[in-house]
Amino acid sequence: MNVLKYFLVGLVFGIVLTKSEAVSWYRIYEMFQFQSFHMYGIIGVAITTGVIGIQIIKRKNIKDIKGLPIEILDKEKGSTRYWIGGLFFGLGWALVGSCPGPIFILLGAGFFPVILVLFGALVGTFIYGLLKDKLPH
Amino acid sequence: MINLKNIIPIFVKKNYGMNIIFQTWPWYVSGFLIGMIMLCLIYFGKVFGMSSNLQTLCSMTGIGKRVSFFDTDWKSQRWNLVVVLGAMVGGFIAANFMNDPSNVAINPKTIEQLAQLGIDAPNGKLVPDTLFGNQVFESPKMILILIIGGILIGFGTRYAGGCTSGHAISGLSNLQLPSLKAVIGFFVGGLIMAHYLLPLIF
């Protein structure tokens with residue numbers, strides 16, 4: 001069950017992202033052209049659900065599956081890394097139409113050329129690891 | 001290919017409404033489920049974030065001996081790789097057994113615009129053949145586009161410390177200002193690419 005629950009969460013995630021077409025290059029392009037509400041609706045409802053859920057967890061001090069208090073870490077303070085890093089990711093997101101989750105989902109779905117995107121993403125991650133200390137954060 | 005759509009009526013006489021699982025899932029259902037997935041992982045004592053798996057995969061190669069950023073305890077992140085494995089299987093099931101010709105019904109205006117760029121219309125397909133058909137392996141230009149797109153994603157998400165799942169969903173749900181900055185960055189980058197660079201590339 002320990003491992004299985006993560007597998008099941010992933011399974012649902014893969015099905016939802018495919019059936020909502022959030023993995024679709026077309027949907028991402030359409031979103032950035034402001035020609036459909038679909039993607040904005042998905043992201044908006046996901047965040048709304050999340051905000052409500054996290055507020056309930058915090059106010060009712062809900063414990064996690066092991067009975068430990070749930071602690072949600074704040075993101076590190078800062079600006080430069082978020083603006084610039086975000087910009088880089090956005091350029092890639094709109095070019096190949098997939099964020100990291102969908103890269104894996106599309107590979108599973110059988111779109112083999114996505115392997116090139118995954119390869120690039122690993123190279124990009126590696127480049128960041130090499131340059132980390134020289135970049136403004 | 002066998003499709004669940006053809007099998008289910010054998011077991012279910014009245015399959016009215018069954019079709020909705022094959023059609024495009026509405027944004028309010030999908031958005032809610034994605035929010036619940038994030039909350040589920042919080043309940044499991046984890047964090048919803050997909051791009052960190054890229055760092056884990058790099059760390060697994062042992063490169064951490066040379067580059068300290070990858071000198072992490074990747075075994076503690078194995079749960080997230082299991083999520084990825086599940087997502088891949090989910091993608092396989094959804095794309096192969098739950099598809100319908102009505103899928104990916106994007107705006108006709110968008111299709112017209114894409115035609116001008118020389119990108120094929122969806123006609124039920126999730127992704128354009130222009131970018132993800134197997135013929136791309138014969139085109140150095142397309143290979144380069146896909147790899148560069150990947151590099152931007154890998155570099156950008158690690159620099160920003162998260163992607164759509166980590167910042168847009170997890171971070172904004174927890175009302176994190178840094179995540180809002182990152183998400184604005186995502187959209188500025190995306191708009192520049194979609195409006196100014198894609199027409200130059202295609």
Side-chain angles (χ1 to χ4, degrees), chain A residues 6-7 9-11 13-16 18-21 24-26 30 32 35-36 38 41-42 45-47 49-51 53-54 64-65 72 75 82-83 85-96 99-101 104-105 108-109 111 113 116-117 120-121 123-129 132, chain B residues 25 27-28 30-35 37-39 44-45 50-51 54 58 67 69-70 79 82-84 86-88 90-92 94-95 106-107 110 122 126-127 132 136 146-147 149-160 163-164 169 172-173 176 178 181-182 185-186 189-190 193-194:
Chain A
Y6 295 115
F7 182 81
V9 166
L11 189 79
F13 181 58
I15 293 176
V16 172
T18 308
K19 286 315 295 170
S20 65
E21 296 160 5
S24 168
W25 186 93
Y26 293 110
E30 188 189 39
F32 284 126
Q35 285 166 339
S36 169
H38 187 73
I42 293 175
V45 173
I47 295 169
T49 308
V51 169
I54 288 180
D64 73 7
I65 198 167
I72 307 171
K75 303 276 181 197
Y82 298 112
W83 295 122
L87 189 81
F88 273 103
F89 167 58
L91 289 167
W93 189 18
L95 179 59
V96 294
C99 25
F104 295 109
I105 296 171
F111 298 99
L116 295 170
V117 181
V123 171
T125 304
F126 182 68
I127 294 173
Y128 173 75
K132 186 176 180 270
Chain B
W25 290 10
W27 50 267
Y28 43 89
S30 315
F32 174 74
L33 289 172
I34 294 168
I37 286 165
M38 182 211 63
L39 292 171
F44 294 159
M50 284 292 128
S51 61
L54 298 167
C58 284
V67 185
F69 182 64
F70 300 107
W79 67 271
V82 177
V83 174
V84 166
M88 292 177 77
F92 176 78
I106 57 170
N107 192 329
T110 314
L126 277 173
V127 290
F132 298 103
V136 299
L146 294 177
I147 293 179
I151 291 176
L152 289 167
I153 291 169
F155 179 80
T157 52
R158 239 24 305 119
Y159 197 172
C163 60
T164 334
I169 314 288
L172 290 186
S173 289
Q176 297 292 304
K181 293 173 186 169
F186 298 169
M193 177 57 71

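Within every chain, numbering begins at 1; the chains are lettered A, B, ... in the order of the sequence lines, protein sequences first and strands thereafter.
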Top of [options] for chain A proximity - count of heavy-atom pairs under 4.5 angstrom:
options                              : answer
B:Ile106, B:Thr164, B:Leu33, B:Val84 : B:Ile106
B:Ile37, B:Val127, B:Leu172          : B:Val127
B:Gly45, B:Ala182, B:Ala95           : B:Ala182
B:Met193, B:Met38, B:Met50           : B:Met193
B:Gly31, B:Ser30, B:Ala94            : B:Gly31
B:Ile34, B:Val136, B:Ile153          : B:Ile153

Side chains of B:Phe132 and B:Leu126 in contact at under 4.5 Å (non-hydrogen atoms):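 The answer is no, as the side chains (C-beta and beyond) never meet within the 4.5 Å cut-off.
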
Any B:Leu146 side-chain heavy atom under 4.5 Å of A:Pro113 side chain: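 The answer is yes, as the side chains (C-beta and beyond) meet within the 4.5 Å cut-off.
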
Residues, nucleotides or ligands: over 12 heavy atoms within 6.0 Å of A:Phe88 CZ: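 No, not enclosed.
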
Over 12 non-hydrogen atoms of neighbours within 6.0 angstrom of CZ in A:Phe7: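 More than 12 heavy atoms, drawn from other residues, nucleotides or ligands, come within 6.0 Å of this atom.
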
Side chain to side chain donor-acceptor pair (under 3.5 Å) partners of A:Ser24, counting only residues at least two apart: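 A:Ser24: no side chain to side chain donor-acceptor pair (under 3.5 Å) contacts found.
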
Geometric class of the A:Phe89/A:Trp93 ring pair [parallel <30°, tilted 30-60°, perpendicular >60°]: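 Parallel, since the angle between the ring planes stays under 30°.
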
Backbone of A:Lys75 reached by a side-chain donor or acceptor of B:Gln176 within 3.5 Å: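 Indeed, once roles are kept as given, a pair shorter than 3.5 Å links the two residues.
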
Heavy-atom donor-acceptor pair, B:Trp25 side chain to A:Thr18 backbone, under 3.5 Å: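 Checked: no pair found.
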
Interface moiety of A:Phe126 toward chain B, non-hydrogen atoms closer than 4.5 Å: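 Both backbone and side chain of A:Phe126 come within 4.5 Å of chain B.
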
Interface moiety of A:Lys132 toward chain B, non-hydrogen atoms closer than 4.5 Å: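 Only the side chain of A:Lys132 comes within 4.5 Å of chain B.
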
Straight-line distance of B:Arg158 CZ to A:Thr125 OG1, nearest 0.5 Å: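 It comes to 7.0 Å.
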
Sort out for me which of [options] touches chain B most, counting heavy-atom pairs under 4.5 Å.
options                               : result
A:Gly101, A:Cys99, A:Gly129, A:Ala121 : A:Ala121
A:Ser36, A:Gly85, A:Ala94             : A:Gly85
A:Gly10, A:Ser20, A:Gly53             : A:Gly10
A:Val16, A:Leu91, A:Asp64             : A:Leu91
A:Val96, A:Val9, A:Ile15              : A:Ile15

Per-residue contact mode, B:Val82 against chain A (heavy atom under 4.5 angstrom):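 Answer is both: backbone and side chain atoms of B:Val82 are under 4.5 Å from chain A.
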
